[in-house]
Amino acid sequence: MTRQTRTAKEIIAATARAVAPSADDNRLLPLVESGDAPLSALAALALEQRHIIASDRRAFLLLAERSGPGSACAAFFGALAEGETLALDRLGAYESACGLTPEDIGQYLPRAGCQAYPAYVAWLALNGGPPSVALALTANFAAWGGCCGLMAAALRTRYGFSDEACGFFDFFADPAPQLAELALAAVASGAQDEHGEGVGEGAHYGQLLQTYESMFWNTLAR
């Protein structure tokens, strides 16, 4: 188990490095950091996230079911599903800060470029090996969390958003040691040998997830 855990750490670190986005992969974030992003773009982010959270939560629950009761992967995906519920609770304050009304939220039609990410997560829920999907998501979350941290800082300094309004981004940016341990166990369950053949598709899954995340940000920057 010690050797598996150590190998899982190495696999996660290597995959995170491999899928890390370049500086120009996110065109919205620099606009927010400079204060040049219009409020409409910030509002659209909230509206898209409401759809993404609902889809991802169902996908994570399906992955937990597919993983089998009591398994390390089931625990990891179950925790992710709970996290989506918590994120949704924090989204309302951000929506209010963006000036969105219940009518705006109910009438909004999501954009394809923003919804490619949850569509692929749903595909992974149906087709991906759970340990490989756990690896891909964990690697992608490192980049997503970093972007959320920068968003939270810029929203406070450039747009005057309150701590409550930034809580959605803080949630993803703050370290989550317990989730990291669950991710390690999930990836270790598929790392059948020192080469990690049981999570061999995880790097490819992660690269696609990162590409779709870039599409999300860049669609909002248009």
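- Between Gln207 atom CD and Asn140 atom CG the span is 10.0 Å, to the nearest 0.5 Å.
- With values rounded to the nearest 0.5 angstrom, Leu155 atom CG is found 5.0 Å from Cys166 atom SG.
- Residues Gly78 and Ala64 share a closest heavy-atom pair of N-CB, 4.0 Å.
- Each of Phe171, Trp217, Phe169 was scored for a ring pair (Phe, Tyr, Trp, His ring centres under 6.0 Å) with Trp144, with one residue passing: Trp217.
- The closest donor-acceptor contact from the side chain of Arg90 to the backbone of Leu86 lies under 3.5 Å.
- Counting only distance, with no hydrogens or angles, the side chain of Glu48 and the backbone of Arg111 share a donor-acceptor pair below 3.5 Å.
- Residues Leu39 and Tyr108 do not share a hydrophobic cluster, defined by chaining ILVMFWY side chains whose heavy atoms lie under 4.5 Å apart.
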Could you give me the CA-CA distance, side-chain angles and deciding distance for Leu45 and Leu28, then say whether side-chain contact (heavy atoms from CB on, under 4.5 Å) is met?
CA-CA 10 Å; Leu45 189 155; Leu28 179 67; 4.1 Å; yes
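- Shown here for Gly202 and Thr15, the closest heavy-atom pair between the two residues is O-CG2, 4.5 Å.
- With rounding to the nearest 0.5 Å, the separation of CG in Leu91 from CD1 in Ile105 is 7.5 Å.
- Taken together through direct or relayed side-chain contacts under 4.5 Å among Ile, Leu, Val, Met, Phe, Trp and Tyr, Tyr212 and Met151 form parts of separate hydrophobic clusters.
- One hydrophobic cluster holds both Leu179 and Leu209 under the rule that ILVMFWY side chains link at heavy-atom gaps under 4.5 Å.
- In summary, Asp163 and Arg156 engage in a salt bridge, as defined by a charged side-chain N under 4.0 Å from a carboxylate O.
- With a 4.5 Å cut-off on side-chain heavy atoms, Glu84 and Leu80 do not count as touching.
- Closest heavy-atom contact between Arg66 and Ala125: NH1-O, 2.8 Å.
- Counting only heavy atoms from C-beta outward, the side chains of Asp56 and Tyr117 approach each other to under 4.5 Å.
- Below 30°, between 30° and 60°, or above 60°: for Phe77 and Phe60 the angle between ring planes is below 30°, a parallel geometry.
- Side-chain contact between Asn26 and Cys147 is present, with at least one heavy-atom pair separated by less than 4.5 Å.
- Here the side chain of Tyr159 pairs no donor or acceptor atom with the backbone of Cys98 at under 3.5 angstrom.
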Hey, mind stepping through Val32 and Arg158 against side-chain contact (heavy atoms from CB on, under 4.5 Å) and telling me if it holds?
CA-CA 8 Å; Val32 178; Arg158 293 295 187 178; over 6 Å; no
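- Considering every non-hydrogen atom in both Asp104 and Gly99, the closest pair reads OD2-O, 3.9 Å.
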Show the numbers, then the answer: is there a side-chain contact (heavy atoms from CB on, under 4.5 Å) between Tyr94 and Leu100?
CA-CA 9 Å; Tyr94 176 65; Leu100 292 169; over 6 Å; no
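- Leu182 is connected to Val133 through a chain of hydrophobic side-chain contacts under 4.5 Å among Ile, Leu, Val, Met, Phe, Trp and Tyr, so both are in one cluster.
- Between His51 and Pro118 there is no side-chain heavy-atom pair separated by less than 4.5 Å.
- Distance CG/Leu63 to CZ/Phe76: 9.5 Å, rounded to 0.5 Å.
- Ala87 approaches Phe168 most closely through the heavy-atom pair O-CD1, 3.5 Å.
- Atom CD of Glu164 and atom CG of Asp170 lie 11.5 Å apart (nearest 0.5 Å).
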Would you sort out whether Leu61 and Arg57 count as a side-chain contact (heavy atoms from CB on, under 4.5 Å), showing the intermediate values?
CA-CA 6 Å; Leu61 288 173; Arg57 182 178 183 278; 3.5 Å; yes
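- Taking OG of Ser55 as the start and OH of Tyr120 as the end, the distance is 14.0 Å to the nearest 0.5 Å.
- Val19 and Phe172 fall into different hydrophobic clusters, where Ile, Leu, Val, Met, Phe, Trp and Tyr are joined by side-chain heavy atoms under 4.5 Å apart, directly or via other members.
- Considering all non-hydrogen atoms of both residues, Cys73 and Ser189 come closest at SG-OG, 3.7 Å.
- The shortest side-chain heavy-atom distance between Val187 and Pro131 does not fall under the 4.5 Å cut-off.
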